There are 2 protein chains.
Amino acid sequence: MARVRISDVAAAAGVSTSTVSLVLNDRPGSRISEETRVRVREAAAAVGYTPNSIARGLRMQRTRTLGLVSDVIATTPFAGRMLAGAQDAAREHDHLIFLVNTDADPAVERDAIRALVDQQVDAIIYASMWHRVVETPEGLPNRSVFLDCRPAAGGHPAVVPDDLAGGRAAVRELVAAGHRRIAFADAEEVDPPVASGLRRQAYLEVLAEAGITPDPAWHVRGVDTTAVSGRAAAERLLDLPADRRPTAIFCFNDRMAAGVYVAARHRGLEVPADLSVVGYDDQQLVAGELDPPLTTIALPHYEMGRWATEVALRVRAPPVTDQTYLMPCPIIRRDSVSSPPAAAANSSRRRA
Amino acid sequence: MARVRISDVAAAAGVSTSTVSLVLNDRPGSRISEETRVRVREAAAAVGYTPNSIARGLRMQRTRTLGLVSDVIATTPFAGRMLAGAQDAAREHDHLIFLVNTDADPAVERDAIRALVDQQVDAIIYASMWHRVVETPEGLPNRSVFLDCRPAAGGHPAVVPDDLAGGRAAVRELVAAGHRRIAFADAEEVDPPVASGLRRQAYLEVLAEAGITPDPAWHVRGVDTTAVSGRAAAERLLDLPADRRPTAIFCFNDRMAAGVYVAARHRGLEVPADLSVVGYDDQQLVAGELDPPLTTIALPHYEMGRWATEVALRVRAPPVTDQTYLMPCPIIRRDSVSSPPAAAANSSRRRA
DNA sequence: TTGAAAGCGCTAACAC
DNA sequence: GTGTTAGCGCTTTCAA
């Protein structure tokens with residue numbers, strides 16, 4: 001069965017195609033009699049007409065489609081919320097999203113961007129899986145926005161998580177619980193993620209504002225950001241002499257926090273009674289299902305996805321001065337933070 | 001800057017647009033002199049011409065786009081592999097994918113399908129997050145394929161995981177390790193997932209083929225399939241008298257297995273020395289990061305995504321007799337299975 | 001071997 | 001108020 005075209009409804013209503021177009025698109029300037037309006041509408045409904053978006057796109061030079069190109073975003077557990085935010089925003093404004101994964105392959109990326117441009121997408125959202133600084137890909141249309149990454153050269157709106165503020169919230173949570181010996185289980189040293197530097201800065205700032213001089217041994221790094229690395233980092237921390245041993249660990253992410261749990265358990269330490277832990281990411285199926293559930297800082301993926309899409313659709317204005325917007329990361333309080341054990345608190349007071 | 005059109009390269013090459021089209025599309029029947037061919041190609045490259053897919057789509061009645069509509073797939077950790085498989089297949093055949101999430105809202109779904117049809121997508125892939133039996137949505141084009149779900153009414157190609165074979169592999173793994181008292185921590189009783197019935201059937205079959213008469217108390221269910229439910233289910237199992245207590249638990253999924261770990265740990269039981277555990281799903285960031293890493297059955301999301309796309313693209317023929325294809329679920333051996341503790345083995349032998 | 005012309009389905013000037 | 005016409009950018013007969 002062939003699709004029904006505008007000419008079919010025109011014939012059915014006994015009018016011209018332009019009249020049909022006019023009433024169906026409800027152009028304000030055009031004075032079509034109420035009588036023909038209803039006649040056309042009824043005819044359209046009767047024959048089951050819906051406009052061909054391709055034809056309309058060709059004519060209007062506007063397709064109401066968006067391209068979302070990402071490195072590996074859509075194939076990781078992180079991606080979901082970002083896509084959901086983008087989807088929701090797109091749907092609210094009657095747009096459809098082309099999703100393309102590049103697996104971080106430059107050739108694939110180039111082809112993808114070209115294919116999207118050839119499809120006449122109204123805008124491209126260039127997304128990353130982690131907060132990164134990226135080169136602006138060649139061929140990227142002017143009307144693009146960066147999601148969870150920032151173009152080194154600027155020139156485009158971008159949204160990234162506010163890792164500095166999030167890191168501060170994490171460490172302040174620990175300070176507020178009475179901890180003085182607070183460690184930071186950081187990401188890898190070589191080519192560390194942008195978030196690493198920011199969260200470390202936050203860690204240092206908050207300790208300083210709390211009048212705590214950090215023991216350099218409290219800053220440890222994994223070889224990556226997996227649970228295995230988290231566990232190894234925690235081992236080193238827990239090997240410290242009793243009076244320098246941290247009573248709380250701020251972890252670069254939830255996976256490392258999971259590793260910290262394992263290390264603690266293997267030493268007979270209880271979280272949070274013996275060791276408080278704060279993660280980062282609020283990763284689905286990790287943070288909430290640890291035992292005990294992990295207090296953490298949420299990465300605002302949904303909100304970032306929505307923001308990027310709304311800016312791409314020009315329904316939200318990007319920040320004017322600095323084009324990159326820092327999305328707040330809320331703290332999610334669960335059960336992995338308590339006050340430090342009494343002994344540690346005493347020893348800490350003695351040192352202070 | 002306006003896009004360069006085919007007329008621009010025609011002018012640059014001093015030929016007509018039809019000639020340009022002919023050489024650029026390399027139509028076999030057309031005899032264009034080699035000389036003009038190179039002239040056209042050079043001109044096209046010089047002006048940076050790439051064809052407008054929208055115009056081409058209108059003319060050819062074929063857009064080289066696909067719609068992928070799903071309930072919540074793209075927003076869950078499961079989805080990634082499925083999307084990756086679909087993406088890879090689509091890219092190999094020069095197609096772009098529109099991704100739409102419906103959040104299982106029928107109105108959203110209806111609108112999405114219509115929007116996709118209006119976009120003249122070449123096919124629609126209708127995907128689910130879990131193996132389900134679904135009603136064929138109204139308005140779904142003939143050329144659609146079902147992914148991780150099966151239309152109750154049939155009539156379309158579909159691919160789902162082979163949960164029966166996967167379940168058998170899981171339980172056989174336990175039998176092969178020497179277990180006789182094997183429990184099944186199943187999903188919820190009311191409106192259980194399709195996989196629940198299949199895996200239970202597999203459990204029963206394998207016990208029977210091993211000459212084991214299952215204690216009915218070994219089949220327990222959660223109120224859902226979370227870690228909390230898994231833990232509760234394990235508590236009940238471990239509360240059984242010593243001679244009926246299972247030495248191994250096959251879990252409906254990895255999350256429940258994580259809960260089983262927690263229950264075991266709280267009783268001072270070690271996995272796998274005291275209790276062997278097999279999961280299902282091979283869920284990223286769960287199965288591999290448990291302590292010890294979980295032996296499980298992988299859900300072949302990537303392969304299913306690829307299969308569905310290839311069938312949608314007609315580059316792979318669907319099964320002719322039964323239109324739904326059962327994708328094998330491979331076992332992933334890690335460290336959560338060992339032979340049963342000696343005492344249990346003895347008691348089991350005594351019982352046998 | 002190449003060009004002219006028609007037309008995919010739609011919208012928007014411009015007539016009437 | 002409504003219809004006629006042109007044209008979005010491309011492919012594909014058909015003629016030359």
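Residue numbering restarts at 1 for every chain, and letters A, B, ... go by the order of the sequence lines. In this text the structure is predicted, and so the values were computed from the model without any measurement.
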For Tyr126(B), ring-ring contact (aromatic ring centres under 6.0 Å, His included) partners two or more places apart: Phe146(B)
Would you mind reading off the distance between [X] atom [atom1] and [N] atom [atom2], rounded to a whole angstrom?
X: Leu24(B); N: dC10(D); atom1: CG; atom2: C1'; answer: 12 Å
X: Arg64(A); N: dC8(D); atom1: CZ; atom2: P; answer: 22 Å
X: Glu34(B); N: dT2(C); atom1: CD; atom2: P; answer: 11 Å

Bend angle of the helix from dT1(C)-dA16(D) to dC16(C)-dG1(D), end axes from five pairs each (to 10°): 50°
All pairs passing side chain to side chain donor-acceptor pair (under 3.5 Å) where residues 312-325 of chain A contributes a residue, at least two apart: Glu310(A)-Arg316(A)
Distances for protein N or O near nucleotides 14-16 of chain D N or O, under 3.5 Å:
none

Contact list for residues 5-21 of chain A, test salt bridge (Lys or Arg N to Asp or Glu O under 4.0 Å), sequence neighbours left out: Arg5(A)-Asp8(A)
Given side chains that start at C-beta, do those of [X] and [Y] come closer than 4.5 Å, heavy atoms only?
X: His301(A); Y: Met304(A); answer: yes
X: Asp103(A); Y: Arg91(B); answer: yes
X: Phe98(B); Y: Leu66(B); answer: no

Heavy atoms of other groups near Arg114(A) CZ, more than 12 under 6.0 Å: no
Contact pattern, 5' to 3', of nucleotides 7-16 of chain C - B, S or - by protein heavy atom under 4.0 Å: BBBBBB----
Test: Asp148(B) and Arg132(B) ion pair at under 4.0 Å: no
Charged N-O contact under 4.0 Å between Asp118(A) and Arg3(B): yes
